[in-house]
Protein chains: 2
Amino acid sequence: MTDTPLPAPEGTQAALIAAGLHLFGRNGFAATSTRDLAARAGANVASIAYHFGGKEGLRHACLKEVARRMRAVLSGADSIPGTPEAAARQLEGMLRALVFFLTTAKESADLVAFMLREIAEAGPGLADVYQDLIEPRHRAVCALWAAATGQDPESEDVRISVFAFIGQAIYFRIGRPIVERRLGWSEIGPAEAEKIADRLTLHLRAILAERPAP
Amino acid sequence: MTDTPLPAPEGTQAALIAAGLHLFGRNGFAATSTRDLAARAGANVASIAYHFGGKEGLRHACLKEVARRMRAVLSGADSIPGTPEAAARQLEGMLRALVFFLTTAKESADLVAFMLREIAEAGPGLADVYQDLIEPRHRAVCALWAAATGQDPESEDVRISVFAFIGQAIYFRIGRPIVERRLGWSEIGPAEAEKIADRLTLHLRAILAERPAP
DNA sequence: TGAAATCAATCAATCGTTTGATTAAAGTTG
DNA sequence: CAACTTTAATCAAACGATTGATTGATTTCA
């Protein structure tokens, strides 16, 4: 990348988006008032309508910001290794990174919370993020999965398996309060994320090694 | 309190709770107004305060209703089979039932949506449901899992595995719009639930069969 | 008749948004 | 360079609409 195709917001706009990611993600869209947003951003209430056209516009700007930051993180890792073993190892690395990103990533905590809530609420504008972010990534993981198992990359089985593969990691974030309680953890830190990642890696290996009976 | 331990609500109360499960689950707690609730229940707005003390009281009543209905569904199936193979088969049956319950169950659609949203929002009163519902069920599945794999029922590994086991199924509900889009499904009906359950059953078998290297 | 339940009407509070004034920097003109 | 205009941005204040809750009268039914 030479020049940034998607410029990072600055000043008041950036502060409002950061406030939106935090409050929308923590309390939900409807439960967050424009005054709360402005207070957290250190801005005036009117600046929301001025910069984004309204509260819904700020929500959309937050979505775009998530897509922008995610794209920067997820760039690369699109090459398919030659051997199934290498593909499997790459999947294991992605799983571990995903678990840590979802459960412990400090600077992206607001991003994750906002994105998961947006998915759960199925808010407008989710379609764009799906097209730009989710689908390409899912497709890439499917290719890896196919390379590791010898299946057809675009078969229904592979797509379902990849969703399950990602979904089990996501649950440890969505159901975090429940997981912490049941495991007796005060929080999910690096040590706990390690345990989760180790366990899920074992699951992944078992699934990848499994072959349907001839 | 009468002699029935948990009486089913009737009349206006039942209608309001049904409206709460539907609207809270579909749009979230904050985004649902008392007027919307009353309109859907065919009741007066004041009846919410009269019967439940307020909007928050209705939310709590909905939680209790979920617990009541869930308890009825999940009763039984607490016996641990003698052989690992039988335990594995029982886990497979539970997985299939869970997938169908989450994705296609018609009469419980509102229940599921409400419960998942309550978990995601981490609303008050969740602690009670955890104690009465989630923890005992999770513990029972852990016992089954341990019986199928020979592990310690209360070990951290088993608890994490069971969360992953349940979590992957839950994701097909939370991320349903995304799954439908990626799979090219117009909806997740019985046929699609079957495909998901089949695939997840294969995963489960592979994980249960896997044994750590000596 | 009397307690339980429902009703229309209304309450103060909060919501998202709009307004017009104010500031400061950039641009324009003689 | 000074004087004026233009523009983008921020601000306090207020707008109408909607929120959850409450009131007191009315209905229902035992």
Side-chain angles (χ1 to χ4, degrees), chain A residues 7-65 114 117-118 121-126, chain B residues 1-4 7-65 114 117-118 121-126:
Chain A
E10 301 172 3
T12 303
Q13 298 196 24
L16 283 172
I17 290 176
L21 289 174
H22 183 81
L23 293 176
F24 289 157
R26 178 174 286 255
N27 309 322
F29 178 78
T32 302
S33 73
T34 53
R35 286 164 179 82
D36 289 341
L37 290 164
R40 171 163 251 267
N44 191 274
V45 213
S47 55
I48 296 174
Y50 179 79
H51 286 290
F52 305 103
K55 189 183 171 187
E56 198 70 47
L58 177 57
R59 174 192 219 161
H60 188 253
C62 288
L63 261 176
K64 298 257 286 182
E65 176 66 10
F114 174 84
R117 210 174 258 275
E118 203 65 21
E121 293 186 1
L126 183 65
Chain B
M1 294 281 178
T2 64
D3 37 18
T4 54
E10 300 172 1
T12 301
Q13 298 195 25
L16 282 172
I17 289 175
L21 289 174
H22 183 81
L23 294 176
F24 290 157
R26 179 173 286 255
N27 309 322
F29 179 77
T32 302
S33 72
T34 53
R35 286 163 179 83
D36 290 341
L37 290 164
R40 172 163 249 268
N44 192 274
V45 217
S47 56
I48 296 175
Y50 179 77
H51 287 290
F52 305 103
K55 190 183 171 186
E56 198 71 47
L58 177 57
R59 175 193 218 158
H60 188 252
C62 287
L63 261 176
K64 297 256 287 183
E65 176 65 10
F114 175 84
R117 209 174 259 276
E118 203 65 20
E121 293 186 0
L126 182 66

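Here is how names work: the chains are called A, B, and so on, in the same order as the sequence lines, proteins then strands, and each is numbered from 1. Remember, predicted model here, so these are calculated numbers, not experimental data.
In this structure, B:Lys55 forms a cation-pi arrangement with B:Phe29, its terminal cationic atom sitting closer than 6.0 Å to the ring centre and no more than 45° off the ring axis.
For D:dA9, the OP1/OP2 oxygens have no side-chain nitrogen or oxygen of A:Thr12 closer than 4.0 Å. Between A:His51 and D:dT10 there is a side-chain polar atom (N or O) within less than 4.0 angstrom of OP1 or OP2.
Non-hydrogen atoms lying under 4.0 Å from DNA chain C are contributed by B:Arg35, B:Ala43, all within residues 26-43 of chain B.
Note that CZ of A:Phe24 is 11.5 Å distant from CZ of A:Arg117, once rounded to the nearest 0.5 Å.
One can place CZ of B:Phe52 at 10 Å from P of C:dT6, the figure rounded to the nearest angstrom. Rounded to an integer number of Å, the gap from A:Gln13 CD to D:dA8 P is 13 Å. Look at NZ on B:Lys55: it is 12 Å from C1' on C:dC15, rounded to the nearest Å. As rounded to whole Å, 13 Å separates atom P of D:dG20 from atom CG of B:Leu16.
Between A:Phe52 and A:Gln13, some side-chain heavy-atom pair lies under the 4.5 Å cut-off.
Checking each of B:Ile17, B:Thr12, B:Leu58 against B:His51 for a side chain to side chain contact (heavy atoms under 4.5 Å, CB included) leaves exactly one that passes, namely B:Thr12.
No side-chain donor-acceptor contact under 3.5 Å links B:Asn44 and B:Ser47.
A:Val45 comes within contact range of at least one nucleobase, with a heavy-atom separation under 4.0 Å.
The residue among A:Asn44 and A:Tyr50 whose nearest nucleotide of DNA chain D is located toward the 5' end is A:Tyr50.
Annotation for B:Leu63 and B:Leu126: closest pair CD1-N, 4.2 Å, computed over non-hydrogen atoms.
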